[in-house]
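Data block below; observations after.
Quantities reported herein were computed from a predicted structural model and do not represent experimental measurements.
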Amino acid sequence: MSVSARAPSRSEAAPASAPPDGYVVAVRALCDFTARRGDLDLRFTPAPSAQEGQAGHLFVTQRRGGAYETELSLTGAHGPLRVRGRADGYDAARNRLEEIKTHRGSVDRIPPNHRALHWAQAKVYAHLLCQQRGLDGMEVALVYFDIGTQQETVLVESHGADALRDFFTEQCERFLAWARQEMAHRRARDAALAGLAFPHGQFRAGQRDLAKAVFRAGRDARCVLAQAPTGIGKTMATIFPMLKAGAGTLDKVFFLCAKTAGRQSALAALQGLRQDAVALPLRVLEMVAREQACEHPGKACNGDSCPLARGFHDRLPAARAAALRGHAMDRAAVRAAGLAHDVCPYFLSQELARWSDVVVGDYNYYFDSSAMLYAMTVANQWRVGLLVDEAHNMVERARRMYTAELRLDDIAAARRVAPPVLRKPLDALRRICRQLLKAQARRYAVHEEAPPALLMQLQQTASALSAHFAEQGGEAPEPLLQLYFAVLAFARLAEDLGDHSLFDITRDDLDDAGKSPGQGDRPRGTLCVRNAVPAPYLSPRFKAAHGAVLFSATLNPMAFYRDTLGLPPDCGWIDVPGPFRAEQLDVHLVGNVSTRYRDRDASIPAIVDIMAQAYRQRPGNYLCFASSFDYMSRLACQLQGRYPGLPSWRQAAGMDAAGREAFLDRFAPGGAGLGFAVLGGMFGEGVDLPGDRLIGAFIVTLGMPQVNPVNEQMMRRMEARFGSGFDYTYLYPGLRKVVQAAGRVIRTETDRGIVYLIDDRFRRAKVRALLPAWWRLSTLR
């Protein structure tokens, strides 16, 4: 069984901003807080999607006739509480208020604690309507609408106005102590933030400019792209002013990161603020992935399987209060609070997000299609300040968020573990996919649209899987669940196909010439809805924020990020001057070498000589960045063969955390040698080797993505949409990686180093214009 309410209205704030003398809470949030009891139980999910819920509500209300009132805006008060929301429907002829819930499967499988929560919502709405219209009482109905069968189950109770008022009062009284605590917390928080001083006394060079831009974005509800070099303290220069601007204005600040290192930097900066101002009552929450937080891997999220799900909602209030008292709610603190009260730390963190002031987490918590923080922001009408760290990563990350694949092998794997009732729809889906693969004579091809037969079968397969999971309590073999989520994602994105995406098919059984190296005529491959421009999906998320700042050391040119990320046309831009001086870094353009694929064999001896000569002139630690593992290995092998006295080491494919640490440990202070790494890989950014741990870098490529059929199609999409296909697909992403890699050399205001940019194309004016303005370039011939 799975149950879903309609998508939340913008008017339902829970908890939203309140007038100075009160606290605004939505009906749904009020009842979630006061009436939810019992186990955490995910067997009754996945619920109908928001779109299915909206369609189901519309279907039910259209059955009721023209006099039926829908989406009734209702408000009421109890002491300092202002309760508001929208009731689904009211039949004046019957004097019946209806609360509509969409579901799949037998209505008898809806757990009693879920149903009690639904009744609580319905009765609060009924009280508000009685109060608004002066009614003596009414019928209150729960309408459960089965998405699959389109059948209604209607449960009706009759209540007098006095009884409804008493119920409403009881819910408000349960919430009131918490509301008063929250109002006191907000007043104390805002007062402390208003008086908060910059923790480091003086701003560094460039830091003040960045801080001003962030403050204005938070104050004036603006979006800003900020390019700011490494070494100025971007994390503190964004968090501090956003908090200052938010005092009395923002409900929350979301600090969103691409990597764990960014999350840890943000938490450290926030801890620094607290240490500088001991009385700062700022609730900071770190959100981590479910896999990292799960205490019982392999157990299902329900009370029959996991002890931390059993009675979760009964023990949640004490766990929530304990966690919030500590203010600093990093992963360890949330885990400690959860285990102390026998509740799941992961789902405790989701509850804590409602009451936190700052949330630090991965991009996906706000930007993904099912992003929790974005959904909460919209439902609760929070005024949120967004800080997007290392924003140059956003384009590729967002593309992956809005790309979906359907692999023939995955369908076959799901078919092998599926019960008999599911084999027919799975066979039909596999048959259509196989036909599409077989009809394609090339290894890779883009198609104008997803065939209607495929879309129809995707919907039928999803419905069959949903109904089965609902009847079975949501548990199923992993291959079947993974296919279900893939089908849902693929169907959703395929229906939204446009010039921002591609529908392509790749045949794994064919080579690039269209020939099959194996035997038989059974095609194998992948159908893909591939996102090229994430702007249509990200734009609503930026609009939902009160202010947003995207910052990185490499955001040039601004138009590329504005266009691809869907930033508003009036998005601001600031290029922050750094603390570094041109004399700290010698940048040499090596213009007599080509690193194009066809020229690589000839380039290797010349590049090795350049590296050996630089090392002889100034021994120390160097990094060489090449465009691929193959190119890197060939350079390293020739260096070892021709200059055996020059110490060298190289990055390995699939290197784990221990291997990464060992690689970086070779860059010891006072050491000497040459490390080889892949440009754009784990050592190309986020690596800090100050002083003489790294004195130089050789960048043996422009870093442009490989020319292949997929990228060529992406280029055509970019050309059609923006008129700069090559630049948007190849040049800008490539030069971004070059600048990031070069940024490993100069980390502090006392560092000195050298960078060799090895490729004749670096001499082009268009390419040089994309390099940092403070670099002083010289050309080697």
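- Side-chain polar atoms of Q435 and Q440 form no donor-acceptor pair below 3.5 angstrom.
- Counting heavy atoms from C-beta outward, Q706 and S627 have side chains that stay 4.5 Å or more apart.
- Although no hydrogens or angles enter the test, the distance criterion places no donor-acceptor pair under 3.5 Å between the side chain of R263 and the main chain of F255.
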Notebook entry, point to check: Does the side-chain contact (heavy atoms from CB on, under 4.5 Å) test come out yes or no for E712 and M715, once each step is laid out?
Noted result: CA-CA 5 Å; E712 289 294 282; M715 183 178 72; 3.8 Å; yes
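- S349 places no side-chain N or O within 3.5 Å of a backbone atom of M287 that could act as its donor or acceptor partner.
- Here the closest non-hydrogen pair linking N364 and A371 is O-CB, 3.4 Å.
- Taking each heavy atom of A532 and M718 in turn, the nearest pair found is O-CE, 3.5 Å.
- The shortest heavy-atom contact between M714 and L502 is SD-CD1, 4.1 Å.
- The ring pair (Phe, Tyr, Trp, His ring centres under 6.0 Å) test applied to F542 returns F367, not counting sequence neighbours.
- With salt bridges taken as basic N to acidic carboxylate O contacts below 4.0 Å, none links R331 and E286.
- Ion pairing of R443 with D509 is absent here, as no side-chain N (NZ or NE/NH1/NH2) approaches a carboxylate O to less than 4.0 Å.
- Looking only at side-chain heavy atoms (C-beta outward), L458 and L406 come within less than 4.5 Å of each other.
- Judged by distance alone, the side chain of N380 and the main-chain N or O of W382 form no donor-acceptor pair under 3.5 Å.
- The shortest heavy-atom contact between L117 and A35 is CD1-CB, 4.2 Å.
- How far SG of C433 is from CG of L454: 5.5 Å, rounded to the nearest 0.5 Å.
- For E390, the salt bridge (Lys or Arg N to Asp or Glu O under 4.0 Å) criterion is met by no residue, not counting sequence neighbours.
- Put simply, NE2 on H57 and CZ on F145 are 10.5 Å apart, with the number rounded to the nearest 0.5 Å.
- To the nearest 0.5 Å, the span separating CG on L40 from CZ on R310 amounts to 12.0 Å.
- Without hydrogens or angle criteria, R430 side chain to I411 main chain gives no donor-acceptor distance under 3.5 Å.
- Taking 4.0 Å as the cut-off between side-chain N and carboxylate O, D427 and R423 do not count as a salt-bridged pair.
- Partners of T153 by side chain to side chain contact (heavy atoms under 4.5 Å, CB included), not counting sequence neighbours, listed by chain and number: V107, Y144, L155.
- Looking at heavy atoms from C-beta onward, K515 lies out of side-chain contact with L510 at the 4.5 angstrom threshold.
- With sequence neighbours excluded, no residue satisfies salt bridge (Lys or Arg N to Asp or Glu O under 4.0 Å) with K424.
- Between the side chain of S501 and the backbone N or O of L497, no donor-acceptor pair lies under 3.5 Å.
- Judged by distance alone, with hydrogens and angles left aside, the side-chain atoms of R507 form no donor-acceptor pair with the main-chain N or O of P523 at under 3.5 Å.
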Next item on the list: Would you check, one step at a time, whether the test side-chain hydrogen bond (donor to acceptor under 3.5 Å, both in side chains) holds for T377 with Y366?
Entry: CA-CA 9 Å; T377 297; Y366 190 82; 5.0 Å; no
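- No donor-acceptor distance shorter than 3.5 angstrom exists from the side chain of D39 to the backbone of D41, with no hydrogens or angles considered.
- In this structure, the separation between OG1 on T729 and CD on Q713 is 11.0 Å, given to the nearest 0.5 Å.
- Of the possible polar contacts, none joining the H341 side chain to the L316 backbone as a donor-acceptor pair under 3.5 Å is found.
- Checking T461 against Y484 by side-chain atom types alone, no donor-acceptor pair falls below 3.5 Å.
- We find that R354 and E351 are joined by a salt bridge, their nearest charged nitrogen and carboxylate oxygen being less than 4.0 Å apart.
- Taking D330 as the reference, nothing meets the side chain to side chain donor-acceptor pair (under 3.5 Å) condition, with sequence neighbours excluded.
- Partners of D504 under the salt bridge (Lys or Arg N to Asp or Glu O under 4.0 Å) rule, at least two apart in sequence or in another chain, are R530.
- For the atom pair CG of L285 and CZ of F254, the computed distance is 10.0 Å after rounding to the nearest 0.5 Å.
- L142 is not listed as a side-chain neighbour of V154, based on a closest heavy-atom distance of 4.5 Å or more.
- D362 pairs with exactly one of K259, R290, R397 by the salt bridge (Lys or Arg N to Asp or Glu O under 4.0 Å) rule, that one being R397.
- A salt bridge between R721 and D499 is present, with a side-chain N of the basic residue lying under 4.0 Å from a carboxylate O of the acidic one.
- Atom-to-atom distance recorded for S628:OG and L679:CG is 10.5 Å, nearest 0.5 angstrom.
- Side chain to side chain, Q121 and K101 meet the donor-acceptor criterion of an N or O pair below 3.5 Å.
- In this structure, S539 contributes its side chain and A535 its backbone to no donor-acceptor pair below 3.5 Å.
- Inspection of the E291 and Y346 side chains reveals no N or O donor paired with an N or O acceptor under 3.5 Å.
- By the side chain to side chain donor-acceptor pair (under 3.5 Å) test, E405 pairs with no residue at all, sequence neighbours left out.
- Applying the ring-ring contact (aromatic ring centres under 6.0 Å, His included) rule to pairs touching residues 391-437 yields Y402-Y537, sequence neighbours excluded.
- When all heavy atoms are compared, the tightest approach of A323 to A337 is CB-CB, 3.9 Å.
- L480 places a side-chain heavy atom less than 4.5 Å from the side chain of L465.
- Salt-bridge check for R63 with E152: passed, with a basic side-chain N closer than 4.0 Å to an acidic carboxylate O.
- Looking only at side-chain heavy atoms (C-beta outward), V343 and L308 stay at 4.5 Å or farther from each other.
- With sequence neighbours excluded, no residue satisfies ring pair (Phe, Tyr, Trp, His ring centres under 6.0 Å) with Y561.
- Checked by atom type, the side-chain pair S370/D368 shows a donor-acceptor distance below 3.5 Å.
- A salt bridge does not link E719 with R716: every distance from a Lys NZ or Arg NE/NH1/NH2 to an Asp or Glu carboxylate oxygen is 4.0 Å or more.
- Taking the side chain as every heavy atom from C-beta outward, P345 and E295 approach each other to under 4.5 Å.
- Contact record, A391 with L550: CB-CB, 3.6 Å, taken as the closest heavy-atom pair.
- Put simply, the side chain of D146 does not reach to within 4.5 Å of the side chain of T102, judged on heavy atoms.
- Shown here are the salt bridge (Lys or Arg N to Asp or Glu O under 4.0 Å) partners of R541, two or more places apart in sequence or in another chain: there are none.
- Q292 pairs by the side chain to side chain donor-acceptor pair (under 3.5 Å) definition with nothing, not counting sequence neighbours.
- For F629, there are no ring pair (Phe, Tyr, Trp, His ring centres under 6.0 Å) partners, not counting sequence neighbours.
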